[in-house]
Amino acid sequence: MKANEKKCPRCAEVIKKDARVCKHCGYEYSEAQIAADKAQEAKNQQNGAIGCVVLIVVILLISMFSSSNEKPTPANDTEQVAAISPAEAKALEERNKDQIAARLKEARALPASDISGNARAYEELVKLAPANTEFSAKRDKYKAALSKVARFEGHPEEALELTKISWEKGGFGNIQLLRFTVKNSAPFAIKDFTLECIHQGPSGTDMDSNTRVVYDMVPANGSKRIREVNMGFINSQVTTSRCSITNAKKV
């Protein structure tokens, strides 16, 4: 039944609320009934309005209480440090000093090659002492190293570096014999790397190039001295050569 309708007390049919006579059975409302219906309607409207006001007040109070008790969560360690005063940071570090000492001892016992272990250790130390710049600097250093290692997984050649390069012409002056040391910065061994040497003449112009796969293995976080690689034929006018590693395989 709609808000502007009512039921006839005689036939129970629905009629308009303002109707004085039922159109279905002819029942006629008295003046007293009409006055009582209007008074009840006014009371219902008043009660509804009071209920709405009370509900709005309750919602506002809940919202204000939640806002006053809710502390913003820092998005990162930098915001966390900025969110507390130097005095609070010092007090926090003092409260955690025993845990810090124990965790720092463990961290210092780790070898530098254990990148993930060091990253975890200094991450925990930063949580215990968020304002300690030494801890955050080391944490960032090892996290950056972890990103590098992740890159090396898919591109192991990027972990290899050529040093102490020298070469000479062999045969009848038209064979390049290359000597070098290759350094591996990855925490895993790398093998079968591809060397490419681009050759220049006296004018400095690139003339041609040679490519060879070196079927050797470079240990994790170590180096390997390659005493001689025959790179093949080169032009007799070649005076300088620029060499790099273009491909490799993870062991």
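In this structure, the side chains of V149 and P187 come closer than 4.5 Å at one or more pairs of heavy atoms. For the pair Q237/M207, a side-chain contact is recorded, criterion being any heavy-atom separation below 4.5 Å from C-beta on. Contact check for V229 versus L177: no side-chain heavy atoms found under the 4.5 Å cut-off. Residues T181 and L162 have side chains not in contact (no heavy-atom distance under 4.5 Å, counting atoms from C-beta outward). You'll find the side chain of P130 stays beyond 4.5 Å of the side chain of N132, heavy atoms only. You'll find the side chain of H24 stays beyond 4.5 Å of the side chain of C8, heavy atoms only. The shortest distance between side-chain heavy atoms of F193 and V182 falls below 4.5 Å. Within the 4.5 Å cutoff, the side chain of C11 has heavy atoms near those of the C22 side chain.
Between the side chains of Q200 and T240, at least one donor-acceptor pair of N or O atoms lies under 3.5 Å. There is no side-chain donor-acceptor pair under 3.5 Å between T246 and E157. If you check the side chains of R179 and S166, you find no donor sitting under 3.5 Å from an acceptor.
Placement of V126 and I115 within a single hydrophobic cluster is found when ILVMFWY residues are connected by side-chain heavy-atom separations under 4.5 Å, directly or transitively. Both V218 and F180 are part of a single hydrophobic cluster, where members link through side-chain heavy atoms under 4.5 Å apart.
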Inset, instruction - Would you please test V14 and K6 for side-chain contact (heavy atoms from CB on, under 4.5 Å) and show each step? - result: CA-CA 6 Å; V14 177; K6 64 183 177 180; over 6 Å; no

Inset, instruction - Any chance you could lay out the side-chain contact (heavy atoms from CB on, under 4.5 Å) test for L195 and I245, step after step, and finish with the verdict? - result: CA-CA 5 Å; L195 279 175; I245 295 174; 3.9 Å; yes

Inset, instruction - Go through the steps to decide whether S236 and N174 satisfy the test side-chain contact (heavy atoms from CB on, under 4.5 Å), and finish with yes or no. - result: CA-CA 6 Å; S236 59; N174 57 1; 5.7 Å; no

Legend entry - From CA spacing to verdict: side-chain contact (heavy atoms from CB on, under 4.5 Å), R212, E196: CA-CA 7 Å; R212 286 287 185 275; E196 181 183 39; over 6 Å; no

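Between the CD1 atom in I175 and the CD atom in E168 there is a gap of 12.0 Å [rounded to 0.5 Å]. From D140, atom CG reaches atom CZ of F135 across 13.5 Å, with rounding to the nearest 0.5 Å. Atom-to-atom distance recorded for K127:NZ and R103:CZ is 11.0 Å, nearest 0.5 angstrom. Within the model, atoms SG of C243 and CE of M231 stand 6.0 Å from one another, a figure rounded to the nearest 0.5 Å. Rounding to the nearest 0.5 angstrom, the gap separating the CD1 atom in I190 from the NZ atom in K183 is 12.5 Å. A distance of 14.0 Å separates NZ of K191 from CG of N184, quoted to the nearest 0.5 Å.
In this structure, L110 stands alone, with no Ile, Leu, Val, Met, Phe, Trp or Tyr side-chain heavy atom under 4.5 Å from its own, directly or through other members.
What you find for T239 and P202 is that their closest heavy atoms are OG1-N, 3.6 Å. Closest approach of N230 to G232, counting heavy atoms only: OD1-N, 2.8 Å. The minimum heavy-atom distance linking N118 with A107 is given by the pair OD1-O, 3.7 Å. A pairwise comparison of heavy atoms in Q176 and S241 identifies NE2-OG, 3.2 Å as the closest pair.
Pairs engaging residues 240-251 under the salt bridge (charged side-chain N to carboxylate O under 4.0 Å, His left out) rule: E153-K250, D206-R242 [sequence neighbours left out].
Each of I198, I234, L178 was scored for a side-chain contact (heavy atoms from CB on, under 4.5 Å) with N210, with one residue passing: I234.
Ring geometry for Y142 versus Y122: interplanar angle under 30°, hence parallel rather than tilted (30 to 60°).
Formation of a donor-acceptor pair under 3.5 Å by the S147 side chain with backbone atoms of K143 is found in this model. Checked by atom type and distance alone, the side chain of K169 pairs as donor or acceptor with a backbone atom of V238 at under 3.5 Å. Using modelled atom types, no side-chain atom of E124 and backbone atom of A121 make a donor-acceptor pair closer than 3.5 Å. Of the possible donor and acceptor atoms, one in the side chain of N96 sits under 3.5 Å from a partner among the backbone N and O of L128.
Contact check on E13 versus K7 returns no salt bridge, with no Lys/Arg side-chain nitrogen under 4.0 Å from an Asp/Glu carboxylate oxygen.
Counting heavy-atom neighbours within 6.0 Å of R108 CZ, excluding the residue itself, gives a total of 12 or less. Within a 6.0 Å sphere centred on NZ of K97, heavy atoms belonging to other residues, nucleotides or ligands number 12 at most. Residue-environment remark: CE (M217) stays at or below the threshold of 12 foreign heavy atoms within 6.0 Å.
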